[in-house]
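So the structure is just underneath, and the comments pick up after that.
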Amino acid sequence: MPVCHRILLLLCLLNFSSVYSDITDGNAEHLKREHSLIKPYQGVGTSPSSQWDFWGSTLVTSQYVRLTPDERSKQGSIWNTVPCYLKDWEMHVQFKIHGSGKKNLHGDGFAIWYTKERLHPGPVFGSSAHFHGLVIFIDTYPNDEAPDRSFPYISAMVSNGSLPYDHGRDGRSTELGGCSAEVRNKDHDTYLAIRYSKGRLTIMVDVDDRNDWKECIDIGGVRLPTGYYFGSSAATGDLSDNHDIISMKMYQLMVEHTPEEDNQDWTKIEPSVSLLKSPKDNVDDPTGNFRSTPLTGWKVFLLLLCALLGIVVCAVVGAVVFQKRQERNKRFY
């Protein structure tokens, strides 16, 4: 096999391995049950010893937690009562969105929260528009009907409470990134993985229930404090859907930190994103890939491939130029 082909094969393998290494193997040893919502949903209720509390239209059954039924003007949520003090974690969410509404006649979606506030009802998928922390939106209805984005659409936002989520524009001005994902009315459950480690937020989706994770968002420079709460909420308006949470499994990631990081009071960190792009750049192109996003996965592969091809071209051109100079010099002797 030529050297060039070997290099390309190695780069491809590195690219794919980086995607799959972003997902934990579900090791039960690192499962944090106090932050996990698992069948048959023991510890869910309003008693002082409950680890999960729910509100609104939420219905807890033996098979799923239904945040909203397929009915108009419903809101529901479920929240962990135990604050999370993990510095590095990964949350796997198994869910199902389904209903009788046809194309563009369903809504609105649901959200996964890691916030300082809990059980604060509001207009943003059943929770408050002002919050401190991180939220992942699974939005099924386009409010601004922009032609450059297809729904359902997954996006992320970090806020310190000063900037609200703009539901009317589907959060375009404040999102960190996003992707389209056909997660509605599937015959099987769908999955979302949210990883936060060493200041990097990575979100992956598995739409086909094949353990085939696709990268949706990957951004560095994210600062999240410890001591916040996990939760999920959903809402319907004039349009509706069933929004079901099957499970939320929290895994602790074993990551080494510097002595400075270990000595820092992580509960005092203010939610922020140092690499957040300006709102004017926060639009997607026709291919669905965001401008001004960090280099990740296939982008790194394409960059390396272009660099390799550039080196080869320069080497060939240099060799031709050198040979012609040698021939020219021979004429003078």
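Note that the numbering runs from 1 along the sequence shown for the chain.
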For [X], what residues pass the ring-ring contact (aromatic ring centres under 6.0 Å, His included) criterion, not counting sequence neighbours?
| X | result |
| --- | --- |
| Phe95 | Phe110 |
| Tyr165 | Phe137, His167 |
| His98 | none |

If you group Ile, Leu, Val, Met, Phe, Trp and Tyr whenever their side-chain heavy atoms sit less than 4.5 Å apart, what else falls in with Ile269? Trp266
Linking Ile, Leu, Val, Met, Phe, Trp and Tyr by side-chain heavy atoms under 4.5 Å, what else ends up with Tyr85? none
When the ring centroid of Trp113 is compared with that of Tyr229, is the distance short of 6.0 Å? no
Quick check on the 6.0 Å ring-centre criterion: do Tyr251 and His92 meet it? yes
Could you list all the ring pair (Phe, Tyr, Trp, His ring centres under 6.0 Å) pairs where at least one residue sits in residues 50-71, not counting sequence neighbours? none
Qualifying residues under salt bridge (Lys or Arg N to Asp or Glu O under 4.0 Å), relative to [X], sequence neighbours excluded:
| X | result |
| --- | --- |
| Asp238 | none |
| Asp108 | none |
| Lys96 | none |
| Asp144 | Arg172 |

Restricting to disulfide bond (SG atoms under 2.5 Å apart), what partner residues turn up for Cys216, sequence neighbours left out? Cys179
Going by the rule side chain to side chain donor-acceptor pair (under 3.5 Å), which residues pair with Gln94 if we only count those two or more places apart in sequence or in a different chain? Asp189, Tyr191, Ser247
Donor-acceptor pair, His130 side chain versus Gly161 backbone, under 3.5 Å? yes
